[in-house]
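Below: one structure, written as structure tokens.
Please read these numbers as outputs of a predicted model, since none were measured by experiment.
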Amino acid sequence: MLKRFSISREEILPKYGMPLDAATQRDLGAAIYSIVFGMAYFIITGYPGASPLFTSFLKDYLGVSDSAYGLILTLPFITVLIQVPFTIYVARRGRIKQSFLVAGALAKVTFLTLAFLPILGNRLNSQAAFLIVVATILLTSTFNWIADSAINTWFGSLIPTEIKGRYFSTRQMIFTIAMLFYALTMSQLLQLLRDWRWKYTLFFGLAVLFGLIDILFYTKVRPPEKAYLPWFHTSPEQKVQTFTMHQFLMPLRDSRYRAYLLFTISWSFSMQISGPYYNVYMFNDLKFSLGQMTLLSQIIPAIATILFLRRIGQAFDHYGFKPILILSCGVSLVLPVSWMFATVDSNWFVYLSNVLSGIFNIGIDLAIMSLAIFLAPHAERSAYLAMKSIAMALLGFVPAIMIGGFLSDLLRPVLLAAQLPFFRGQVMNPFHVLLILTFCLRLTTLLVFARRLHEPTAMSFSDFVAHANATHLAQLRRQRVLLREKRRRLRQRLNPRKK
């Protein structure tokens with residue numbers, strides 16, 4: 001009987017700064033270990049955007065234009081509408097764990113179709129190959145959006161709110177270390193296999209394999225109904241009722257969440273109008289190899305993230321998400337400006353920009369993801385997250401990517417004929433126009449929408465600046481006191497007779 005009521009050391013072991021029971025520790029650990037394998041899938045594919053390898057596959061192997069490239073990259077964001085019927089299904093049935101496992105596995109398996117295109121070779125014409133790519137992306141992204149909605153709702157039940165910043169930063173740290181390892185490995189393999197005709201088949205096949213291993217880890221994680229913060233769907237009496245549009249539009253009536261949605265839509269639009277075309281610019285204009293593109297877009301930001309991520313997580317828990325988000329968005333304004341000075345002969349501006357993006361863009365991404373989860377009411381979280389994904393995709397990502405691709409193709413002959421001078425002896429090209437647009441849009445978002453974000457437990461930005469400045473000055477004073485003490489002790493050692 002005594003054994004039944006005893007608590008083992010493992011069950012009260014502090015983790016992420018607070019005691020957690022053994023089952024919760026295992027759940028949180030599995031969600032971290034899974035990403036070690038799952039990161040290979042995202043490094044190779046770049047989902048929901050495009051990695052350097054996938055960009056090369058589309059531009060070099062299939063030969064698509066900028067407009068077609070933009071169209072392909074918008075497909076994953078159009079299929080986000082699948083989250084509407086999935087939200088209805090969750091409200092009536094629950095089964096979040098089963099939905100994630102099935103949808104996640106199907107998303108990885110369908111992507112395997114692209115691995116067979118190089119094998120078919122000349123048997124397919126370019127139009128047929130393009131249609132196969134479109135169909136594959138549509139199916140893969142549909143399943144991925146179902147898995148995304150399920151896992152975010154699941155995370156809301158797995159993660160104690162007191163440690164959300166530290167946990168997400170720890171998970172992101174492992175995520176980034178794995179990304180660095182895979183990016184370094186892939187860059188070396190790409191150098192060795194650059195002329196091998198089956199390289200896309202090899203890498204896409206590996207992406208699917210490691211993605212499936214990622215999904216398998218979640219088979220051992222408790223479902224949200226039995227997790228640390230048990231999630232519940234509608235009661236048995238309510239299951240027969242229809243999930244109404246009133247319930248789905250509930251986030252728009254929530255003033256806090258509405259302000260969050262306006263910010264994320266505007267910020268997503270400002271980022272994506274140029275975001276997918278950095279790889280195209282490096283590939284076409286700066287003449288980077290796939291290895292260099294992997295180094296610049298994945299390896300360097302990963303190293304910067306690893307060095308600073310733990311401090312970002314601690315800052316989230318100490319100050320709140322809002323002030324760190326505003327600071328990170330402010331620094332992000334500098335990034336497109338630095339790209340304006342990059343040339344074939346002098347590209348250190350690109351290195352500088354990617355170091356800063358590794359530090360601050362990850363702060364933006366973590367804050368946006370965390371606010372989406374924790375600003376939503378516990379019982380209505382799936383509906384809130386679905387609205388967030390749909391709003392960001394259809395009002396932010398899709399129009400921005402399409403407009404960016406359309407402007408690139410439209411302005412290229414015009415600017416080529418005009419030969420307008422630009423910074424450092426360059427001639428203005430369409431990507432420079434996109435950089436100017438993204439700078440103006442980011443600035444507008446920061447000045448208009450960021451200040452309207454409401455997070456009850458966060459410091460105001462002015463208080464954050466004052467506190468950070470006071471902390472910095474206190475550290476400087478302590479360092480001066482310690483330095484004087486060290487000098488005094490050194491003088492005593494050199495001249496022991498003198499007091």
Side-chain angles (χ1 to χ4, degrees), residues 13-20 24-47 49 51 148 151-152 154-156 158-187 210-211 213-215 217-218 220-221 228 294-321 323-325 327-329 331-332 335 351 353-374:
L13 187 66
K15 201 76 170 177
Y16 310 106
M18 70 174 289
L20 296 173
T24 300
Q25 291 183 44
R26 286 193 297 270
D27 290 345
L28 297 179
I32 288 178
Y33 301 143
S34 68
I35 205 64
V36 173
F37 294 92
M39 192 65 237
Y41 175 82
F42 294 102
I43 280 288
I44 293 172
T45 65
Y47 182 86
S51 67
D148 174 78
I151 194 64
N152 283 330
W154 200 352
F155 273 163
L158 287 179
I159 305 167
T161 55
E162 298 87 351
I163 62 166
K164 55 185 182 292
R166 277 164 288 179
Y167 177 74
F168 276 128
S169 65
T170 301
R171 187 173 185 269
Q172 190 69 37
M173 176 77 74
I174 304 300
F175 181 102
T176 308
I177 292 172
M179 181 177 74
L180 179 60
F181 170 76
Y182 290 124
L184 284 168
T185 303
M186 194 170 75
S187 65
F210 280 82
I213 296 174
D214 171 19
I215 300 299
F217 272 90
Y218 286 93
K220 299 297 183 183
V221 178
Y228 181 85
T294 303
L295 172 69
L296 287 167
S297 62
Q298 295 177 335
I299 296 175
I300 288 178
I303 294 173
T305 298
I306 290 169
L307 294 175
F308 288 89
L309 188 56
R310 189 169 294 278
R311 291 190 177 185
I312 293 173
Q314 292 171 348
F316 281 151
D317 287 334
H318 188 70
Y319 300 110
F321 293 109
I324 308 302
L325 177 62
L327 173 65
S328 300
C329 289
V331 176
S332 179
L335 307 186
Y351 287 83
S353 174
N354 286 1
V355 168
L356 292 176
S357 71
I359 299 171
F360 293 98
N361 279 356
I362 196 64
I364 296 171
D365 293 342
L366 283 176
I368 287 176
M369 179 184 70
S370 301
L371 286 172
I373 295 173
F374 295 105

Euclidean distance, [Y] [atom2] relative to [X] [atom1], rounded to 0.5 Å:
X: Leu180; Y: Ile303; atom1: CG; atom2: CD1; value: 5.0 Å
X: Arg311; Y: Phe316; atom1: CZ; atom2: CZ; value: 15.0 Å
X: Ile312; Y: Ile324; atom1: CD1; atom2: CD1; value: 8.5 Å
X: Thr305; Y: Ile177; atom1: OG1; atom2: CD1; value: 10.5 Å
X: Met179; Y: Met186; atom1: CE; atom2: CE; value: 11.0 Å

Sorted by chain and residue number, the salt bridge (charged side-chain N to carboxylate O under 4.0 Å, His left out) partners of Asp27 (sequence neighbours excluded) come out as Arg222

Without placing hydrogens or testing angles, list every side-chain donor-acceptor pair under 3.5 Å for residues 28-42, not counting sequence neighbours.
from  : atom 1 : to     : atom 2 : distance (Å)
Ser34 : OG     : Ala30  : O      : 3.4
Ser34 : OG     : Ala31  : O      : 3.1
Ser34 : OG     : Asp214 : OD1    : 3.3
Ser34 : OG     : Tyr218 : OH     : 3.3

Around atom CZ of Phe217, are there more than 12 heavy atoms from other residues, nucleotides or ligands closer than 6.0 Å?
yes

With a cut-off of 3.5 Å and sequence neighbours excluded, list every side-chain donor-acceptor pair involving residues 357-371.
from   : atom 1 : to     : atom 2 : distance (Å)
Ser357 : OG     : Asn354 : O      : 2.9
Ser370 : OG     : Leu366 : O      : 2.7

Minimum side-chain heavy-atom gap Lys220-Arg26 below 4.5 Å:
no

Where does the angle between the aromatic ring planes of Tyr167 and Phe155 fall among parallel (under 30°), tilted (30 to 60°) and perpendicular (over 60°)?
perpendicular

Are the side chain of Ser332 and the backbone N or O of Ser328 linked by a donor-acceptor pair below 3.5 Å?
-> no

